[in-house]
Amino acid sequence: MPPLLRPLRSLLSSIGPRVSLGFPLRSFSGASPLLKNTSLPPRPKPPPEEEIEESFVKGTGPGGQKINKTNSAVQLKHLPTGIVVKSQATRSRSQNRTIARQLLADKLDQLARGDQSRSAVVGEFKRKKKASSAKKSRRKYRKLEEEKQTKATQQDALEEESEFEEEYLRDQESQESQESKK
C-alpha cells in the first residue's frame with residue numbers, strides 16, 4: 001500500500017461489503033432503470049475527528065453582505081493526506097460542517113478506491129444514461145427525417161402522376177378535336 005494511503009486503512013476497513021436483505025427493495029423515487037439492477041457502493045464515512053483540522057472562514061461569492069461578514073463557511077483539512085475541502089452551501093454553519101465532512105469522505109473514497117468509489121460508479125451511470133438518451137434522440141430525429149423523405153418522394157410521385165394524367169387528357173382532347181375536324 002502506498003504511504004499516502006496508509007492512514008486510510010481504517011476508512012477502508014469500515015466500508016466493508018454490502019449486506020443483502022434477501023428480498024428486492026422497491027424504489028419510489030423514479031430512479032433510472034440503469035440504477036435499479038445494480039447496487040451502488042455504500043456512502044463513505046467521514047474520517048475520525050482526530051484526522052481533521054476544522055476552521056471557519058468568511059464566505060465568498062454571491063449572497064451579499066451577510067455571506068461576506070459571517071464565518072459560516074467551513075474548511076476541513078485531512079491531516080494525513082493534506083486534502084482540503086471547503087463548503088459554503090448554506091448560511092448555516094452546522095449544515096456546512098455536515099456537507100464538508102461528506103465532501104471530504106467522498107474525496108478520500110475517490111483517492112482510496114479510484115474507479116470503484118461511489119462517486120466514480122455514480123458518474124459512470126450518469127454518463128451511460130446521457131449517452132443512451134442522446135442515442136435515443138438521434139434515432140428519433142433520424143426516423144422523423146426518413147418519414148419526411150418518404151413523404152416527399154410520395155408527393156413527388158403524386159405530382160408526376162397528376163402531370164402525366166393531365167398530359168394524357170390533353171392528348172386525348174387534341175386527338176378528339178382532330179377527329180372531329182375530319
Counterpart residues, side chain to side chain donor-acceptor pair (under 3.5 Å), relative to [X] (two or more places apart):
X    : answer
T60  : none
R138 : none
Q88  : none

Under the side-chain hydrogen bond (donor to acceptor under 3.5 Å, both in side chains) definition, can you give me all pairs with a residue in residues 150-170, not counting sequence neighbours? Y168-Q172
So if you build clusters from Ile, Leu, Val, Met, Phe, Trp, Tyr with side-chain heavy-atom gaps below 4.5 Å, do F56 and V85 land together? yes
Name all residues meeting the side chain to side chain contact (heavy atoms under 4.5 Å, CB included) criterion together with T98; count only those two or more places apart in sequence or in a different chain, and write none if there are none. none
Results of side chain to side chain contact (heavy atoms under 4.5 Å, CB included) for S133 - residues two or more places apart only: none
Would you mind reporting whether [Y] and [X] have side-chain heavy atoms less than 4.5 Å apart?
X    : Y    : result
K126 : K130 : no
P41  : R113 : yes
R118 : L40  : yes

Please answer whether the main-chain N or O of A105 pairs with a side-chain N or O of D109 as donor and acceptor at a distance below 3.5 Å. no
Residues, nucleotides or ligands: over 12 heavy atoms within 6.0 Å of Q116 CD: no
Residues joined to L144 in its hydrophobic cluster, side chain to side chain under 4.5 Å directly or through other members, sorted by chain and number, are Y141
Nearest atoms (heavy-atom pairs only) where N96 meets S72: ND2-O, 2.9 Å
Would you give the length of the straight line joining atom [atom1] of [X] to atom [atom2] of [Y], rounded to the nearest 0.5 angstrom?
X    : Y    : atom1 : atom2 : value
R127 : S132 : CZ    : OG    : 11.0 Å
E147 : E145 : CD    : CD    : 10.5 Å
L76  : L103 : CG    : CG    : 9.0 Å
S87  : Q75  : OG    : CD    : 11.0 Å
L111 : I83  : CG    : CD1   : 5.0 Å

Run the side-chain contact (heavy atoms from CB on, under 4.5 Å) test on H78 and L108 for me, step by step, so that the C-alpha distance in whole Å, both residues' side-chain angles and the decisive distance to 0.1 Å come before the verdict. CA-CA 9 Å; H78 188 245; L108 292 174; 3.6 Å; yes
N71 and V57: side-chain contact (heavy atoms from CB on, under 4.5 Å), yes or no, with the steps? CA-CA 5 Å; N71 291 332; V57 294; 5.6 Å; no
Check: S94/S92 side-chain N/O donor and acceptor closer than 3.5 Å: yes
Pair listing, salt bridge (Lys or Arg N to Asp or Glu O under 4.0 Å) test, anchored in residues 78-106, at least two apart: E49-R101, E54-R97, E54-R101
Set of residues satisfying salt bridge (Lys or Arg N to Asp or Glu O under 4.0 Å) with respect to R139, sequence neighbours excluded: none
Evaluate L79 against I52 for side-chain contact (heavy atoms from CB on, under 4.5 Å), listing each step before the verdict. CA-CA 6 Å; L79 297 174; I52 298 175; over 6 Å; no
